[in-house]
Amino acid sequence: PRSLAAAAKDFDVLSKGDFPHNIVKDRTCLTQVIKDWFILKSKVVESVVSDCCKIMLVEAKSYREIISRDNTLTVLEKAIEYCKIDVLSMKQIWHRFKHDMRNSLNIDIPTSIMTLPQLAFQVLQSKLPKGVELHVPTGDEYDFIRKAQYGGRVMAKKGVYDEECIYVDVVSEYPSVMWQYEHPHGPCSTVEQIDWTKLGIYDVSLIFKPCDEHSFSPDKCEKCFLKKEQYTEFLPRRDDDGRLKHSFLEKQRGTWSTYDLEIAVDDGYVVEKVYGGYEWKYRSKCFKDFIECVKNIKENASSPSERIIGKLIMNSSYGKLNQKPIDTETFIVPRGVALQFLEDLKIIDGDDAGKVIVGSNTIKMPTFQELDENWEKMILDIEGENLYPTQNGVFILSGARKFLRNHKLQIRKHAPNMKEIYSDTDSMIILVSSLNGYDPSPHFGTELGKLDDTVVKGYSGTRLSKVVVAGKKMYAY
């Protein structure tokens, strides 16, 4: 999750080397000897219109920084030297990481652990309260739960905002949800109605009906009008093309968790019909001990490397809970196999569009890549066996939506006209003018779960003087 250079610095080991990769144009360059050996650096250059001192263009330009004037090695020998340093640096980081894991968590990393999310999930399991079991769904149950798994939320109000704005983001939002919210565990059962005292995932239809006395009538009823105007846009859905949407819709059907349905009801929806679902026997803050353990390591570390371990384990722990099991098989086949393959298989429409039936198995449509005039590569993505408690991943994602929404509602209590011009899974950009003089700083902080308004590192309270929103994941200030 980090660059090798940053990890080497944090773990205080051999520094990663540098190599000017762009000097290698072809094989002949490898035998050259560059006496004044250099590394490439970059700097920001601003082009300014002199009459108004307005910056018209900002660009990065590269320059050479000579680090040796008596080099006798060829470019290939320098490349090998560079690679050796990288390997040695990685080796030292790994040894330091294992040492600090043993000191911090009393864990020896087994050879079967290949990734950081795997390791984090193992640590999470070791910190579960006694008697807590995380159910692993399979088959139809797994397929149903996956329908409630919605990805990142992004709301962008396109425009140029030449006024003061506040940028805030939640400090470690997913770990905060794991720490502060209840999560399902134990066995689950199928249900036909919602028990609001339990945590579940349900297929339901919703209708927007803020008033008990009549149907939604924004033209005639002030309460209906205001409820629609104040709609928070945190309830996710997928349109007919599978795209994620959060905008207002008077009627909709979908599969949601309890936390998403709590958002819907609070916004003004009522559950019109329950088509089925699953509920878990127990609910509790079962991840609290784990988060407090790694949080304590991060906050009270005796070295920068131990602090990084606490941070990495905390922020990697939920990844496995949302992992989709995919086995990828690659075959090298003669040209023409693709055409014959496509003629023989059955293509599926509807909800499983893009999948095909091969024998008795349903798989994603294979992809083919041409290698030469005789051969091509065939890649098959086959859904594997689920090994993780997917429902807990669903509740972390939906809990994150509820978490940020609660922050928004807390500010809105004091500033009812609060307006965000940009918002995603864990952050918001708020127009200061929409707060009507209210100072939201009591809601801000750097502790876990707080809204952090630090834009420039080390300076909280910095405000943006201008924001340009071009679309989702495209904004500047």
Side-chain angles (χ1 to χ4, degrees), residues 150 152-166 168 194 196 202-240 243-274 398-440 443 451 467 469 471-472 475:
Y150 299 94
R153 168 186 175 272
V154 182
M155 306 301 297
K157 312 295 184 185
K158 295 181 183 179
V160 177
Y161 300 89
D162 201 358
E163 59 178 291
E164 192 174 25
C165 299
I166 302 174
V168 290
I194 297 175
W196 292 98
Y202 313 92
D203 176 8
V204 303
S205 57
L206 301 173
I207 184 168
F208 198 72
K209 192 172 182 291
C211 297
D212 296 333
E213 301 81 11
H214 55 78
S215 60
F216 178 56
S217 307
D219 296 332
K220 299 177 181 178
C221 173
E222 183 178 4
K223 182 178 179 181
C224 289
F225 173 80
L226 290 175
K227 267 294 188 179
K228 183 184 176 183
E229 286 294 301
Q230 294 173 352
Y231 187 69
T232 58
E233 298 187 326
F234 276 85
L235 181 68
R237 71 175 187 277
R238 294 187 182 91
D239 65 14
D240 294 338
R243 291 175 296 191
L244 202 57
K245 301 287 185 180
H246 296 83
S247 55
F248 175 80
L249 200 63
E250 187 176 347
K251 294 181 180 181
Q252 52 183 312
R253 178 179 173 179
T255 306
W256 292 287
S257 75
T258 301
Y259 289 153
D260 278 328
L261 290 177
E262 287 175 350
I263 290 173
V265 171
D266 191 55
D267 265 341
Y269 283 101
V270 295
V271 178
E272 188 176 37
K273 184 176 180 179
V274 180
S398 58
R401 289 186 283 273
K402 180 180 176 181
F403 199 83
L404 183 62
R405 181 178 181 273
N406 284 348
H407 273 301
K408 173 179 177 175
L409 295 180
Q410 287 297 316
I411 298 175
R412 200 190 253 184
K413 283 182 181 178
H414 306 275
N417 297 319
M418 169 191 167
K419 180 182 178 183
E420 312 119 274
I421 56 174
Y422 190 90
S423 178
D424 59 20
T425 303
D426 63 351
S427 68
M428 298 183 287
I429 300 178
I430 305 166
L431 290 177
V432 171
S433 60
S434 70
L435 299 176
N436 296 324
Y438 175 67
D439 178 11
H443 302 275
L451 289 177
V467 178
V469 180
K472 293 181 178 182
Y475 64 89

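Predicted model only: the values in this text are computed from it and were never measured.
Evaluation of the side-chain hydrogen bond (donor to acceptor under 3.5 Å, both in side chains) rule for D162 yields no partner, not counting sequence neighbours. By the salt bridge (charged side-chain N to carboxylate O under 4.0 Å, His left out) test, E272 pairs with no residue at all, sequence neighbours left out. With sequence neighbours left out, the ring-ring contact (aromatic ring centres under 6.0 Å, His included) criterion links H246 to no other residue. The ring-ring contact (aromatic ring centres under 6.0 Å, His included) test applied to F248 returns F208, F216, Y231, not counting sequence neighbours. V432 is linked by a side chain to side chain contact (heavy atoms under 4.5 Å, CB included) to E164, I166, counting only residues two or more places apart in sequence or in another chain. The side chain to side chain contact (heavy atoms under 4.5 Å, CB included) search around V265 returns W196, not counting sequence neighbours. Applying the salt bridge (charged side-chain N to carboxylate O under 4.0 Å, His left out) test to E233 and every residue at least two apart in sequence or in another chain returns K157.
Two residues are said to be in side-chain contact when any heavy atoms from C-beta on lie closer than 4.5 Å; L206 and V270 fail this criterion. Contact of the T425 side chain with the V154 side chain is not registered, since no non-hydrogen atoms from C-beta on lie closer than 4.5 Å. At least one side-chain heavy atom of L235 sits under 4.5 Å from a side-chain heavy atom of Y269. At a threshold of 4.5 Å between non-hydrogen side-chain atoms, the residues V204 and K273 do not count as touching. The side-chain heavy atoms of L431 and V467, taken from C-beta on, include no pair separated by under 4.5 Å.
The minimum heavy-atom distance linking C211 with C224 is given by the pair SG-SG, 3.8 Å. Taking every heavy atom of both residues into account, S398 and Y259 meet most closely at OG-CB, 3.7 Å. Taking all atoms of both residues into account, the shortest heavy-atom contact from Q410 to H414 is O-CD2, 3.4 Å. The minimum heavy-atom distance linking G152 with L244 is given by the pair O-CD2, 3.4 Å.
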Considering only distance and modelled atom types, tabulate donor-acceptor pairs under 3.5 Å from the side chains of residues 416-424, sequence neighbours left out.
residue: E420; atom: OE1; partner: K408; partner atom: NZ; Å: 2.8
residue: E420; atom: OE2; partner: K408; partner atom: NZ; Å: 3.4
residue: Y422; atom: OH; partner: K473; partner atom: N; Å: 2.8
residue: S423; atom: OG; partner: R153; partner atom: NH1; Å: 2.8
residue: S423; atom: OG; partner: S427; partner atom: O; Å: 3.2
residue: D424; atom: OD1; partner: D426; partner atom: N; Å: 3.2
residue: D424; atom: OD1; partner: S427; partner atom: N; Å: 3.0
residue: D424; atom: OD1; partner: S427; partner atom: OG; Å: 2.5
residue: D424; atom: OD2; partner: S427; partner atom: OG; Å: 3.2

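Among residue pairs with one or both ends in residues 221-230, none qualify as side chain to side chain donor-acceptor pair (under 3.5 Å); sequence neighbours excluded. Annotation: side chain to side chain donor-acceptor pair (under 3.5 Å) contacts involving residues 429-438, sequence neighbours excluded, comprise E163-S433, Y438-H443. Residue pairs meeting the salt bridge (Lys or Arg N to Asp or Glu O under 4.0 Å) criterion with at least one partner in residues 243-266, sequence neighbours excluded, are D203-R253, D239-R243, D241-R243, D260-R401, E262-K402, D266-R405. Applying the side chain to side chain donor-acceptor pair (under 3.5 Å) test to pairs two or more places apart or on separate chains, none has a residue in residues 207-217.
Between the OH atom in Y150 and the CZ atom in R238 there is a gap of 5.5 Å [rounded to 0.5 Å]. Going from atom OG of S257 over to atom CD1 of I263 covers 7.5 Å, rounded to the nearest 0.5 Å. Here the CD1-SG distance, from I429 to C165, works out to 7.0 Å after rounding to the nearest 0.5 Å. Atom OG1 of T232 sits about 9.5 Å away from atom CE of M155, to the nearest 0.5 Å.
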_Candidate pair V271 and I207, rule side chain to side chain contact (heavy atoms under 4.5 Å, CB included), full reasoning_ = CA-CA 7 Å; V271 178; I207 184 168; over 6 Å; no
